[in-house]
Amino acid sequence: MKRGALDTFFKPVAPKKLKYEASVNTSKHASYPFSIPHLPAPFLEQLGFAPAEEGKLMTDQLDLDLVYYQPYIPDSIASGVFEFLRQELPFYRVQYTITRFGTPTQINTPRFTTVFGIDETSRFAADGSIVDAKTGKKGEASRYKCSPRPIPTCLDELRRVTEGTTGETFNFCLVNYYADGKDSISYHSDDERFLGPDPAIASLSLGAKRDFLMKHKPIKGGAEEPKGIKLPLGSGDMVLMRGRTQSNWLHSIPKRAGAEANKGRVNITFRKAMVKGGTENYYQYNVGTGGVYKWDPGKEKMVPWDKDAEVVEADGVEASVAELDGIEAGPSSADASAAA
Ligand SMILES: O=C(O)CCC(=O)C(=O)O
Ligand SMILES: [Fe+2]
């Protein structure tokens with residue numbers, strides 16, 4: 001008998017397996033709610049092949065300077081890296097208050113976020129403490145109201161590879177997790193003064209395909225703006241925005257319905273903050289003051305992370321959920337207008 005549709009039909013449905021084996025080596029820091037595994041060795045190896053495709057230069061519109069890699073991360077590991085980051089990073093659902101027309105308004109950030117890094121005035125010493133970037137002087141944590149967190153090794157490997165490709169340098173890594181098509185980021189530009197003039201931002205997409213929309217800011221004097229742009233960002237794609245782009249263009253990930261709408265998407269942006277104000281801003285809006293969320297592979301969603309419910313192995317070494325036998329993973333300022 002020919003093997004075919006019927007065969008497939010009657011095959012028992014195996015629980016979906018994680019696409020990676022978590023490394024036993026982890027990044028640890030007092031500011032992390034839990035330790036974060038290093039990238040599995042096969043991912044690291046494949047990252048050596050990035051960019052998977054040469055970047056396409058997009059400079060054909062007024063004030064636009066983009067490089068679009070389609071994809072940047074090799075196809076063989078894109079979904080694995082997506083699952084790894086969704087599973088292993090701590091996430092937050094940040095709420096904050098803005099004053100709108102004189103009235104305090106609560107904003108619920110319409111996506112999960114997390115951030116690592118510190119601005120150019122400081123760095124982390126080998127023991128994890130914050131020191132002055134120039135003098136190496138200790139005890140500089142008191143500069144910050146927030147608790148800056150070093151970029152964990154798994155994200156630092158991605159940063160290093162991205163720096164090599166782009167010729168830019170980055171000290172911050174912001175991560176967004178869009179749980180489904182209802183999560184979004186509304187039109188904004190990343191042109192804060194703490195990034196310096198004409199900042200370069202590398203933005204990596206993993207998981208569900210989502211449209212990245214761009215539109216030119218209104219031009220003074222009434223000249224017509226260039227037409228908008230839609231980049232259908234797929235898993236593994238990367239967009240490098242640089243030059244005059246941030247000061248002249250806005251970008252967004254609108255809410256969406258349709259086939260990919262119930263799938264999760266991870267976005268990573270690498271940036272370089274020049275001064276302390278950048279560090280304060282990034283932690284305020286991407287970590288905030290609320291609780292930690294972690295991906296629950298059984299429930300297939302982000303759940304509030306419970307410190308006391310962490311599994312601890314007999315020898316006292318913390319095991320990641322992904323490492324435990326028998327637990328299988330299942331199938332998964334810009335926000336003001338989105339939340340209104
Ligand atoms: O998710 C994306 O692709 C864009 C995210 C973004 O624009 C941001 O975090 O500033
Ligand atoms: Fe942005």
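Order of listing sets the numbers, starting from 1, for every ligand and every atom in it. Just so you know, these numbers use all the heavy atoms, side chains as well, and skip hydrogens, waters and symmetry mates. Here the structure is a predicted model, which means the values were calculated and not measured.
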key: Close-contact set for ligand 1 against His251 heavy atoms, below 4.0 Å   = 7 (O)

Scan side-chain atoms only and decide if [X] and [Y] contain a donor-acceptor pair under the 3.5 Å cut-off.
X: Ser122; Y: Glu140; value: no
X: Thr121; Y: Lys276; value: no
X: Arg149; Y: Ser27; value: no
X: Ser35; Y: Lys28; value: no

task = Please confirm whether Phe116 and Tyr32 have ring centers closer than 6.0 angstrom.
result = yes

ask   = For the residue pair Tyr282 and Phe194, is the inter-centroid distance of their aromatic rings smaller than 6.0 Å?
value = yes

Within less than 4.0 angstrom of ligand 1, does [X] place any heavy atom?
X: Leu174; result: no
X: Arg210; result: no
X: His188; result: yes

message = Just checking Lys182: does its NZ atom have more than 12 heavy atoms from other residues, nucleotides or ligands closer to it than 6.0 angstrom?
response = no

query = Under 4.0 Å from ligand 1, counting heavy atoms only, is it the side chain of Ile185, its backbone, both or neither?
reply = side chain

query = ligand 1 versus Arg271, non-hydrogen atoms closer than 4.0 Å: side chain, backbone, both, neither?
reply = side chain

ask   = Does Ser205 reach ligand 1 with a nitrogen or oxygen that is under 3.5 Å from one of the ligand's nitrogen or oxygen atoms?
value = no

query = Got an N/O contact under 3.5 Å between Asp190 and ligand 1?
reply = yes

ask   = Could you state the interatomic distance from CD1 (Ile201) to CZ (Phe172), rounded to the nearest 0.5 Å?
value = 12.5 Å

request  = Report the nearest protein non-hydrogen atom to atom 1 (O) of ligand 1: residue, atom name, distance rounded to 0.1 Å.
outcome  = Tyr178 OH, 2.6 Å

key: Shortest protein contact, atom 3 (O) of ligand 1 (heavy atom only)   = Arg265 NH2, 2.8 Å

task = For the Fe ion (ligand 2), find the closest N/O/S atom belonging to Asp190 and write down its atom name.
result = OD2

query = Who gets closest to atom 9 (O) of ligand 1 by heavy atom: Asn286, Leu231, Thr269, Asn176?
reply = Asn176

